[in-house]
Amino acid sequence: MKFLIDDSRPIFVQIAERIEDDIIDGVLPEESQVLSTNQFSTFYKINPATAAKGVNMLVDEGILYKKRGIGMFVAEGARTKVIEKRKEQFFEEFVVTMVREAKKLGISAEQLTDMIQRGDNA
């Protein structure tokens, strides 16, 4: 498990993203058990309520589910759901911003495509 390193974003969001990263990477396959909120709080030295907020965010999105008295588990189809969510975030955070800036600078779609391809080969 990685340590939290970004002080500019809420810790509960980082907890949720770490779980999502583990799901995408296959470290947490579907139906596998996730660390408990107490384990997260001990590892990261944070309040258990903060850890619970991150975990519950994923429960609300259907990525994790609770087994009463046992713990949290990765839901069926979670990896696909997380990847689609991240693709949409990528589009909103990077593509839309890039296209707006390109228009502002007078960069054509063709020039932008060339730049992306150059970046792919860098």
Side chain to side chain contact (heavy atoms under 4.5 Å, CB included) with T97: which residues, sequence neighbours excluded?
none

Exercise answer: donor-acceptor pairs, residues 74-82 side-chain atoms, under 3.5 Å, sequence neighbours excluded:
residue : atom : partner : partner atom : Å
R79     : NE   : I24     : O            : 3.0
R79     : NH2  : I24     : O            : 3.2

Does I19 share a hydrophobic cluster with V59, counting links as ILVMFWY side-chain heavy atoms below 4.5 Å and allowing steps through other members?
yes

Could you list all the side-chain hydrogen bond (donor to acceptor under 3.5 Å, both in side chains) pairs where at least one residue sits in residues 110-119, not counting sequence neighbours?
S108-Q111

Clusters formed by hydrophobic residues whose side-chain heavy atoms approach within less than 4.5 Å: which one holds M115, and what are its other members?
F90, F91, F94, V95, V96, M98, V99, L105, I107, L112, I116

Among residues at least two apart in sequence or on other chains, which ones pass side chain to side chain contact (heavy atoms under 4.5 Å, CB included) with P29?
S32

Partners of K45 by salt bridge (Lys or Arg N to Asp or Glu O under 4.0 Å), sequence neighbours excluded?
none

E101: what forms a side chain to side chain donor-acceptor pair (under 3.5 Å) with it, not counting sequence neighbours?
K104

Partner set under salt bridge (Lys or Arg N to Asp or Glu O under 4.0 Å) for R100, not counting sequence neighbours:
none

List, one per line, each side-chain donor-acceptor pair under 3.5 Å for residues 49-57, sequence neighbours excluded.
residue : atom : partner : partner atom : Å
N56     : ND2  : A52     : O            : 3.1

Give every residue pair that meets the ring-ring contact (aromatic ring centres under 6.0 Å, His included) criterion with at least one member in residues 100-122, sequence neighbours excluded.
none

Gap separating the CD1 atom of I46 from the CD atom of Q14, nearest 0.5 angstrom
9.5 Å

To which residues is I70 joined in a hydrophobic cluster, defined by side-chain heavy-atom contacts under 4.5 Å among Ile, Leu, Val, Met, Phe, Trp and Tyr, whether direct or through other members?
Y65, F73

Nearest 0.5 Å, please: how far is CZ in R18 from OH in Y44?
5.0 Å

If you look only at pairs with a residue in residues 82-99, which of them pass as a salt bridge (Lys or Arg N to Asp or Glu O under 4.0 Å), with sequence neighbours excluded?
E20-K85, E20-R86, D21-R86, E61-K85, E84-K87

Rounded to the nearest 0.5 angstrom, the CG-CG distance for L58 and L64 is 4.5 Å

So how far is it from I15 CD1 to S41 OG, rounded to the nearest 0.5 Å?
9.0 Å

Between L28 and V13, is there shared hydrophobic-cluster membership here, with clusters defined by ILVMFWY side-chain heavy atoms closer than 4.5 Å?
no

